Amino acid sequence: PLTQTKLQNFFTQI
Amino acid sequence: MFEARLLRSSILKKVLEAIKDLLTQATFDCDDNGIQLQAMDNSHVSLVSLTLRADGFDKYRCDRNISLGMNLSSMSKILKCAGDKDTVTMKAQDNADTVTFVFESPNQEKVSDYEMKLMNLDLEHLGIPETEYSCTIRLSSAEFARICRDLSQFGESIVISCTKEGVRFSASGDIGSANIALAQTASVDKEEEAVVIEMEEPVTLTFACQYLNYFTKATSLSPQVQLSMSADVPLVVEYRIPDIGHIRYYLAPKIDD
């Protein structure tokens, strides 16, 4: 099974 | 005072088509350089980043930076009232709570204006780091749309695998499996139909079909699309909008549980 990851894991919050 | 005029409303209509399935509302940030929009979809797995440069407009004036929070379904309703050949002008006063769209027919015999209420949107802005991608693939945007549509019949995910030989799109599910391999083009008559691959190292990543299909709503904005991939970072799907800017979609890959 594959899980859709969230973008917050990659981009920094400004 | 903010005022931006486009000779053809069709560009703005196509931009709206390209974002409205992903976003219900968004802020158009306007400054001297042009208009920027950055927003994540509701499930926070994809991000839309739109740039429309000031020099791409027929007329552009932005005395003070202004953020126009728009309900995209309302904006879409208004833009449907414009003819494709109409000129469109967006206008807002400083600190305004409305934006006005003015449509003018080519012979100036019909002039319509539509005023829309603005929204106060609480925004999360993400910093997108400069990334060197392991693979970039340029191909016809229509071909990419077709591949995403065709593979969606087989499963919820598409595996994109890029090697120096070419790029392979795969999907599998209950009815079976499908693979579409594109080789790098040796020579083509039309540049936009070429498949061009730049690869530092091979990459294989899995993405949700549904989102890739949302991104292909931008197909009419550009004859080509560029896919940029590196292991464990979001895919970038970029459509360059001739003479005015670009729309980029970022999609986080799926990972093993």
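This one's a predicted model, so the numbers in the text were calculated from it and none came from an experiment. Computed over heavy atoms, backbone and side chain alike; hydrogens, waters and symmetry mates excluded. Proteins come first, then strands; the chains are lettered A, B, ... in the order of their sequence lines, and each starts at number 1.
Here CG of A:L2 is found 5.5 Å from CG of B:D256. Values are rounded to the nearest 0.5 Å. A distance of 11.0 Å separates OG1 in B:T131 from CZ in A:F10, rounded to the nearest 0.5 Å. Atom OG of residue B:S157 and atom CD of residue A:Q4 lie 8.0 Å apart, to the nearest 0.5 angstrom.
Residues meeting the salt bridge (Lys or Arg N to Asp or Glu O under 4.0 Å) test with B:E17, sequence neighbours left out: B:K20.
Sparse packing is recorded around CZ of B:R64, with 12 or fewer heavy atoms of other residues, nucleotides or ligands lying under 6.0 Å away. Atom CD of B:E165 has more than 12 neighbouring heavy atoms from other residues, nucleotides or ligands inside a 6.0 Å radius. Atom CD of B:E143 has more than 12 heavy atoms from other residues, nucleotides or ligands within 6.0 Å.
Side-chain contact check for A:L7 versus B:V45: every heavy-atom pair is 4.5 Å or farther apart.
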